[in-house]
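Right, one structure below, let's go through it.
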Amino acid sequence: MSDTEIEITVLGSLADIAPGDWDACACPESADGRAVDPFTTYRFLRALEVSGSVGSGTGWQPQHLLARADDQLIAAMPLYLKSHSQGEYIFDHNWAHAYENAGGRYYPKLQAAVPFTPATGRRFLTREGWDETGMAALTQGAVQLAANNQLSSLHITFCTEAEAEAGDKMGLMRRSNQQFHWRNNGYKDFDAFLGSLAARKRKNIRKERKQANAFGGTIHCLTGDQIDPEHWDAFWVFYQDTGARKWGTPYLTRGFFDQMQADMRDDMLLVLAEKDGRYVAGALNFIGRDALYGRYWGCREDHPALHFELCYYRAIDYAIEQGLSTVEAGAQGSHKLARGYLPVETHSLHWLRDEGFRDAVGRYLEAERDAVSEEIEMLTDYGPFRKTEREDHD
């Protein structure tokens, strides 16, 4: 395969590629079941475009990279031309300020990512048997695209650890961050999970769940055909409120959720709290083959501990019931530690065109990796699990 001629092209819209071709690289396993990663599927990424959540005026302009050999698509990368650093969750605002203070132009930049989605997954989507060749071609193509257009940088965020290691060997700069994930150690039910915790933490969670479920209403866990359009009407209100408070303007449009209802309702778990005939809070999760991904939360009424119940504990319940190994609870949030979510390392890769700036950032990243590693070790040791259980999680 090393002698095979590879053709690299840029795609301004997923409308210009057949869904089957993209998914043959993104999720070939979905032919016989659920996709490992729902976020890199054609359905999800195309929904962002169709709904206007990305595209003109959003600061996320699709520039998807395709690699072909012998007229066959062998690899693809979800790639965007970015005019800001919003919706990424691996922050480079300080890099942008430093670069521009030195007289450079940081934006636009290239971002290989799933927009607004801090979930680890493959960013180098390769057809089976083309892993090394496809990744090398996409890396060279993305760097060349940035260099040819005098762009400041290329960022590949929330990639897998294997991709980070391979990218590092290819000369990209590797960065580490952390999130909090829940791991299923073969628990038969929630009580079995609680049994792995220290007594005080176990007591606190039981108290919290009791308090949350006494909010005066009913909690519904909906997936597939159980989800109706009316549920999205309610959740849209929650999402708008959270988006306005966190980001000023919600990233996703109302149309995105309509696309999800049409194309991906079997891949979602919607948890809604209903009181006196109306929905007062909700949490949205996406379902992968072996993981549940917590994505959005919002409410129109405040009730003690209801956020923790809908976002964290119901997610654990579902993962245990379905035999999923992991719950990824999204970005940030050290408060998740006390609820059984332990810190894990996340990865990204970066290329900077300016050599001097690249050297300075490289030194910073080396120190940052050490700091992240130390913090993960410290937080894990401080976690809620009994000592023998902590050793199992290690």
Side-chain angles (χ1 to χ4, degrees), residues 23 26-41 43-44 47 114 117-122 158 160 179-197 202 205-206 208-209 212-213 218-228 231-232 235 257 260-274 281-297 306-331 333 336 339-342 344 384-385 389 392-393:
D23 284 345
C27 55
E29 73 283 350
S30 65
D32 62 357
R34 194 183 297 281
V36 170
D37 179 358
F39 303 117
T40 55
T41 61
R43 291 172 298 155
F44 186 88
V114 177
T117 308
T120 292
R122 291 189 304 136
F158 292 101
T160 67
Q179 283 184 344
F180 292 87
H181 296 177
W182 179 84
R183 301 293 190 193
N184 187 352
N185 273 8
Y187 304 119
K188 67 176 182 179
D189 53 30
F190 196 90
D191 281 340
F193 157 61
L194 288 179
S196 69
L197 305 181
R202 183 165 61 244
I205 289 177
R206 284 193 173 124
E208 205 164 60
R209 293 205 78 176
N213 283 281
T218 305
I219 296 175
H220 306 275
C221 296
L222 310 171
T223 189
D225 290 338
Q226 297 171 330
I227 304 175
D228 293 324
H231 298 129
W232 294 121
F235 189 78
F257 295 101
M260 292 296 96
Q261 171 70 9
D263 299 333
M264 294 193 72
R265 60 183 180 273
D266 290 336
D267 301 297
M268 293 183 294
L269 172 68
L270 185 60
V271 184
L272 293 173
E274 182 182 8
L284 175 61
N285 307 267
F286 282 81
I287 309 167
R289 178 167 286 200
D290 198 37
L292 185 69
Y293 302 91
R295 288 305 304 115
Y296 301 108
W297 145 268
L306 193 59
H307 169 257
F308 303 135
E309 177 68 17
L310 268 58
C311 292
Y312 306 140
Y313 301 141
R314 293 294 172 129
I316 291 174
D317 280 337
Y318 184 86
I320 292 173
E321 177 188 325
Q322 298 297 318
L324 303 179
S325 70
T326 306
V327 178
E328 293 194 18
K336 298 166 187 170
R339 291 158 183 95
Y341 290 73
L342 292 179
V344 299
F385 292 90
E389 295 290 337
D392 290 342
H393 278 83

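Since this is a predicted model, take the numbers as computed values, not measurements.
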Distance in Å, [X] [atom1] paired with [Y] [atom2], rounded so as to fall on 0.5 Å steps:
{"X": "E321", "Y": "I316", "atom1": "CD", "atom2": "CD1", "value": "14.0 Å"}
{"X": "M268", "Y": "L222", "atom1": "CE", "atom2": "CG", "value": "10.5 Å"}
{"X": "H231", "Y": "H220", "atom1": "NE2", "atom2": "NE2", "value": "7.0 Å"}
{"X": "L269", "Y": "D317", "atom1": "CG", "atom2": "CG", "value": "10.0 Å"}
{"X": "R43", "Y": "C27", "atom1": "CZ", "atom2": "SG", "value": "7.0 Å"}
{"X": "F193", "Y": "R183", "atom1": "CZ", "atom2": "CZ", "value": "13.5 Å"}

Is any side-chain heavy atom of T117 closer than 4.5 Å to a side-chain heavy atom of Y293?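 No - every pair of side-chain heavy atoms lies 4.5 Å or more apart.
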
Under 3.5 Å, side chain of [X] to main-chain N/O of [Y], donor-acceptor pair present?
{"X": "R122", "Y": "A26", "answer": "yes"}
{"X": "N184", "Y": "Y187", "answer": "yes"}
{"X": "R289", "Y": "E29", "answer": "yes"}
{"X": "R295", "Y": "L284", "answer": "no"}
{"X": "Q179", "Y": "T120", "answer": "no"}
{"X": "D189", "Y": "A192", "answer": "yes"}
{"X": "R314", "Y": "E309", "answer": "no"}
{"X": "R265", "Y": "I227", "answer": "no"}

Could you go through the side-chain contact (heavy atoms from CB on, under 4.5 Å) check for L310 and W297 one step at a time? CA-CA 8 Å; L310 268 58; W297 145 268; 3.8 Å; yes

Out of I287, N285, D266, which one pairs with T223 under the side-chain contact (heavy atoms from CB on, under 4.5 Å) rule?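 Among the candidates, only I287 passes.
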
When you look at T41 and M264, which way does the side-chain contact (heavy atoms from CB on, under 4.5 Å) test go after all the steps? CA-CA 10 Å; T41 61; M264 294 193 72; 4.1 Å; yes

When the aromatic ring centroids of F180 and Y341 are compared, is their separation below 6.0 Å?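 That pair fails the under 6.0 Å test.
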
Taking it one step at a time, do I205 and F308 satisfy side-chain contact (heavy atoms from CB on, under 4.5 Å)? CA-CA 10 Å; I205 289 177; F308 303 135; over 6 Å; no

Minimum heavy-atom separation for [X] to [Y], with atom names?
{"X": "V36", "Y": "P38", "answer": "O-CD, 3.8 Å"}
{"X": "L306", "Y": "A273", "answer": "CD2-CB, 4.0 Å"}
{"X": "Y312", "Y": "A329", "answer": "CE2-CB, 4.1 Å"}
{"X": "D290", "Y": "S325", "answer": "OD2-OG, 2.6 Å"}
{"X": "A319", "Y": "W182", "answer": "CB-CZ3, 3.8 Å"}
{"X": "D267", "Y": "R34", "answer": "OD1-NH1, 3.0 Å"}

Stepwise side-chain contact (heavy atoms from CB on, under 4.5 Å) test for F44 and M260: CA-CA 8 Å; F44 186 88; M260 292 296 96; 4.1 Å; yes

